[in-house]
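Beneath this line is the structure, given in structure tokens, with notes to follow.
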There are 2 protein chains.
Amino acid sequence: MPTKRNRRVTISQVAEESGVARATAAFVISGRAEQLRISQQTIKRVQAVAKRLGYIPNQLARGMITGRTQVVGVILGGVWGKFGQYAIEGIREVLDAHGYTPFLTIHSWDEAREAREIDTLLRMRADGVIVMPQITSRKECYEPLFKQHVPVVFFGDVPFDIPEALVAAWDVRPAMRRLLEHLAGRGCRRIGLVGERFFKFSRQRYQVFTETIRELGLEHDPKWDTWAEVGDAEHPEWAQAIAAMPDRPDSIVALNDNSGLQMLDSLRRHGLRVPEDIRVAALGDTIETVEASAQLTAIREPVREIGRAAAALVLEAIRNPELPPTERLIDAADLVVRMSTG
Amino acid sequence: MPTKRNRRVTISQVAEESGVARATAAFVISGRAEQLRISQQTIKRVQAVAKRLGYIPNQLARGMITGRTQVVGVILGGVWGKFGQYAIEGIREVLDAHGYTPFLTIHSWDEAREAREIDTLLRMRADGVIVMPQITSRKECYEPLFKQHVPVVFFGDVPFDIPEALVAAWDVRPAMRRLLEHLAGRGCRRIGLVGERFFKFSRQRYQVFTETIRELGLEHDPKWDTWAEVGDAEHPEWAQAIAAMPDRPDSIVALNDNSGLQMLDSLRRHGLRVPEDIRVAALGDTIETVEASAQLTAIREPVREIGRAAAALVLEAIRNPELPPTERLIDAADLVVRMSTG
DNA sequence: CTGAAAGCGCTTACAG
DNA sequence: CTGAAAGCGCTTACAG
């Protein structure tokens, strides 16, 4: 018989080779040697042997014992655009500092896929999960995580049927104000809106929108609003009603850049010139569609910061299972002026 | 004392609740019930109980026993551009079909980061690794994987000091031919080149370039060539020499789109008009820099297909540790004509 | 510091 | 099918 393949160096071998007890070696390796008042000399020796033998701790075994894998699942939509990169970097920065590893997965904007990824993370016994929810996913999708008491932090937004959750997201109030002031500065007075109803925060953003309109003394008529009813579909017909209005708005605020880009496209199809006839500005600047977004005035979402907040929150929840529902809101209002507002 | 947190349902509980032996339950759950000639009735019962209890197998425990985690580490540069998305989708498609899970990590074009990610995958006992090597990384970086006999498949290219490896990459010969024929069709005769020396395949691409030049009866003078000596740095000075040449080339082929984009920029800085004075065309169309790449004629790299090949190869290597060094080359020559060739 | 021991949740031969 | 058992590699309390 050949020797068993993949036979790795174990802590027992390190102990034996060092001439110490297994417990001693284990304490040295896990960096808690002081607890046992182990001499510096012994520590050095064990460390040297571990290095020489190429010892690499088995996280599986560790996880079995401690009940902690030190892994946090991260479910993204996909790896398009800068959004994902910044989000990951922010998340990783914080997890790293606390000895946790992100386990990155991707739902590709597919509900079934998202459910599968969640199942995988559950089997892998991730200690917690950070998820950018798929736009049509509902509470049911995350139920398995809740049932197993795996802390879930929602990144950016929450399905609206999950009223209480751990959330790290953008505080859009300052951004909304900045956006509307920018439009007002361009002479706009009559402000319409375009957005997607699916998420809780999208709805809250609408409220922020109407409140800010009022504060700034601008006009808003709900009949100028356009709401997407389906997830990813395109909406070339959106601007049809707007184009036909005698008293149409002079500008449109988009609750996210995706709907802003689609509105931009739709306005043109229906013969409206941007920015001459109508201006468009969006919350969020994730640049999914590149050429188009180069034309859309928008406010950058502080993705990296939200990533950090999300990671910090999931770690808190891992440490304290009793942590109540929490919303961490990051404000930022970094305006990028482009063609769509002239 | 509170009950221990995170206490999950175990196979023993499923067995007990089903009134069968633990071994029986284990066989049913792992889908090998026939081996023990377990009755359909028992199978149904155990499955029903498992479902009712919300049993989720512990992959850690499984991995401990079998020596296989069913996890394949995937190390990408980052999640910018379409490249990553397509690569992941291709990889996942194949891994999924074989019961493996991709463990996605990102080196962010940082050598130290790449080494850390590798260490993490080693601790997690990934069964194999697919890596898009960081451009300046050398053999040393992957040594820990080799030492532990973890199969490594290089995606797209290999550091040049690793002569023998498992590789899934693009067969650029047909693409090169297509690109040069396209340039010839635009009246080009004198072809220069720009590229990065760091990788093995970049070097091979040069050979393919010169051979194809010869086959097509085109001209090439090595003094027209530009080689990047450093990784990610920008090279605004690149075109200086070219602009000054009395007998300069009428077109430049880039060995990847990044160097093509930089050359495009550099040519303009030095007063050359593209495509009037000089044309540029690239191998690879990963669209990292968006606005710029909208101008660069290029041939798409078959990233999704390479992903599939890479995944298939790593699975073979996991099954057969004796698998000799292998190169899986995918050919594709999907030309996208843009401004840079007029 | 040592040494023996229990136990994490599972797989897997083995005798019945 | 059952039942008892070994073992994967580790952590962790415990008596010395």
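Just so it is clear, the values below take in all heavy atoms, side chains as well, and ignore hydrogens, waters and symmetry mates. Residue numbering restarts at 1 for every chain, and letters A, B, ... go by the order of the sequence lines.
- Closest to the B:I65 side chain, of the nucleotides D:dT2, D:dC8, C:dT12, is D:dC8.
- Between the base of D:dT11 and the side chain of A:R68 there is no donor-acceptor pair shorter than 3.5 Å.
- With C:dC10, C:dA5, C:dT12 as the candidates, the nucleotide lying closest to the side chain of A:R22 is C:dA5.
- In the set D:dT2, C:dT2, C:dC10, the nucleotide with an atom closest to the side chain of B:T10 is C:dC10.
- Comparing A:L60 and A:A23, the nucleotide of DNA chain D nearest to each residue sits closer to the 5' end for A:L60.
- Between A:R328 and A:E316 there is a salt bridge, with a side-chain nitrogen of the basic residue lying less than 4.0 Å from a carboxylate oxygen of the acidic one.
- Going from atom CZ of A:R125 over to atom P of C:dG9 covers 9 Å, rounded to whole Å.
- As a whole-Å value, the separation of A:Q70 CD from D:dT11 C1' is 13 Å.
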| query | Can A:D96 and B:R116 be said to form a salt bridge (Lys or Arg N to Asp or Glu O under 4.0 Å), step by step? | reply | CA-CA 10 Å; A:D96 249 23; B:R116 286 199 58 171; 3.3 Å; yes
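- Of the listed nucleotides (D:dG9, C:dT12, D:dT11), D:dT11 has the atom at the smallest distance from the side chain of A:R62.
- If you measure from atom CZ of B:R123 to atom C1' of D:dC10, you get 13 Å, rounded to the nearest angstrom.
- Distance A:I11 CD1 to C:dT2 P: 13 Å, rounded to the nearest Å.
- Taking every side-chain heavy atom of B:Y55 into account, C:dC10 is the closest of D:dC10, C:dC10, C:dT11.
- Using modelled atom types, one finds a donor on one side chain and an acceptor on the other under 3.5 Å when comparing A:Q134 with A:T136.
- Remark: C1' of D:dC8 and CD of B:Q59 are 14 Å apart, rounded to the nearest angstrom.
- The nucleotide whose nearest atom lies closest to any side-chain atom of B:M64 is, among C:dG9, D:dT11, D:dG3, C:dG9.
- For B:A21, the side-chain atoms get nearest to D:dT2 when compared with the rest of D:dC10, D:dT2, C:dC10.
- Separating the CZ atom of B:F27 from the P atom of D:dG3 is a distance of 16 Å, rounded to the nearest angstrom.
- Summarising the base pairing, C:dA13 is matched to no nucleotide, lacking a Watson-Crick or G-U wobble pair whose two defining distances lie under 3.5 Å.
- Taking the six-membered ring for Trp and thresholds of 30 and 60 degrees, B:Y142 and B:F146 have ring planes inclined between 30 and 60 degrees apart.
- Shown here, C:dA4 forms no base pair; nothing in the strands shown gives a Watson-Crick or G-U wobble contact with both key distances under 3.5 Å.
- The separation between B:N58 atom CG and D:dG9 atom C1' is 14 Å, rounded to whole Å.
- If you take CD of A:E16 and C1' of C:dG3, they are 14 Å apart, rounded to a whole angstrom.
- Considering only side-chain N and O atoms, A:T66 lies nowhere under 4.0 angstrom from the phosphate OP1 or OP2 of D:dT11.
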| said: Between A:E89 and B:R113, does the salt bridge (Lys or Arg N to Asp or Glu O under 4.0 Å) criterion hold? Intermediate values first, please. | reply: CA-CA 12 Å; A:E89 288 181 0; B:R113 195 70 257 169; over 6 Å; no
